[in-house]
Amino acid sequence: MKESMSIVAAPATILFIVLLALLTINSSFCSGRSDLGSFKREKQDSLRFNQELKDPSNRLDTSDSDLPRRTLKAAYGQPKTVGVKQLPWKNLQYLDLRSNLFEGPIPVPPPDMKVFLVSNNNLTGEIPHLICNINTLEVLDLSNNSSTGTIPECLGHFSNSLRVLDLQENKFYGNIPGAFTKGNDLRTLNFNGNELKEPIPKSLLNCEKLEVLDLANNKINQSFPKWLGSLPALKVLVLRSNKFYGLVTDPKANSTSFSKLRIFDISNNNFSGSLPVSYF
């Protein structure tokens, strides 16, 4: 809250400059539907934002907050039948709305967004395909919401700059995107706690910088993906609580298999046989 309060208390001119690149409202316990489109134009709203501070009736109920009260009612000001619109802040690059009580569909970040954090809210609905138009994204964190539907195939190749894709603890079903392209910069892929069933796509071998792969608590039904051992940077592999089966041992394993592995969690599956020493 200290970070948010310092931004809000700034003069309107300074606030406008800050909003151009960074907006943080995490852990503020803001509630209601996420009408982030209420900021129609950056400059006008930053001025209005500052004016509302002078009116005590517009403040949040929490005694330690100087944030003005806002009715965050409908995502982007439009009903579901119209569709989800893109957030209007053209120059915003960092948006942190984690750990609030926002509701409604998942926001579509502005075109130059680099870090988009909306975890630990009550967002629902499917991932909008328009997110795949944001090719500047480096971190996309939609975790710990109530979102559903299939994961858009384009999430595997929409941004070569993407480093973190975190969709854990939602209600996504179907398959993992199968179109991870060569030369991508993906380091962390977390789909823990969903309802994914289909086998792991072999296009993950194109993620040569991948360090963390967490697919725990899904319904994936396949034999052990031995080929993941060829990922040169993989340090964390979590396949816990799925429907994997068969031998973990790979008779063709060599000294380069899982060469960087530090965490290996395959508990609560249907594996048999012994663990290969070569993996460690």
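Keep in mind that what you see is a predicted model, and the values were worked out from it rather than measured.
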- request: With the side chain counted from C-beta on, respond yes when L162 and L140 share a heavy-atom pair under 4.5 Å apart, and no when they do not.
  value: yes
message: Hydrophobic clustering (ILVMFWY, side-chain heavy atoms < 4.5 Å, transitive) - are W227 and L234 grouped together?
response: yes
- prompt: Looking only at atom types and distance, does a side-chain atom of N269 sit under 3.5 Å from a main-chain N or O of N242, one as donor and one as acceptor?
  reply: yes
- request: Indicate whether any N or O donor in one side chain lies under 3.5 Å from an N or O acceptor in the other, for N217 and N192.
  value: yes
query: For F191 and I200, what are the C-alpha separation, side-chain angles and deciding distance, and is it a side chain to side chain contact (heavy atoms under 4.5 Å, CB included)?
result: CA-CA 11 Å; F191 293 154; I200 303 171; over 6 Å; no
- prompt: Could you give the distance from NZ (K114) to CD (E138), rounded to the nearest 0.5 Å?
  reply: 5.5 Å
- prompt: Given side chains that start at C-beta, do those of N122 and L101 come closer than 4.5 Å, heavy atoms only?
  reply: yes
message: Nearest 0.5 Å, please: how far is CG in N270 from CZ in F244?
response: 11.0 Å
- line: CG of L215 to CG of L196, rounded to nearest 0.5 Å, is 8.0 Å
message: Please report the interatomic distance NE2(H157) to SG(C132), rounded to the nearest 0.5 Å.
response: 7.0 Å
query: When you measure from the side chain of N135 to the backbone N and O of N133, does any donor-acceptor pair fall under 3.5 Å?
result: no
Minimum-distance pair of heavy atoms, taken over all atoms of K171 and N194: N-OD1, 3.3 Å
field: Transitive ILVMFWY side-chain link V164 to V238, under 4.5 Å
entry: no
- prompt: Roughly how far, to the nearest 0.5 Å, is NZ of K235 from OG1 of T188?
  reply: 10.0 Å
- prompt: Counting N and O atoms only, with roles assigned by atom type, does the side chain of N145 sit under 3.5 Å from a partner on the main chain of N121, one being a donor and the other an acceptor?
  reply: yes
task: Check whether L205 and I176 end up in the same hydrophobic cluster, where Ile, Leu, Val, Met, Phe, Trp and Tyr are linked by side-chain heavy atoms less than 4.5 Å apart.
output: yes
task: Using the rule that two of Ile, Leu, Val, Met, Phe, Trp, Tyr join whenever any of their side-chain heavy atoms come within less than 4.5 Å, decide whether F258 and V236 are in one cluster.
output: no
- line: Heavy atoms of P177 and P152 approach each other most closely as CG-O, 3.7 Å
message: Minimum heavy-atom separation for G178 and P201, please, with both atom names.
response: CA-CB, 3.6 Å
query: Are the side chain of N170 and the backbone of S147 linked by a donor-acceptor contact shorter than 3.5 Å?
result: yes
query: Centroid-to-centroid, F271 to F224, below 6.0 Å?
result: yes
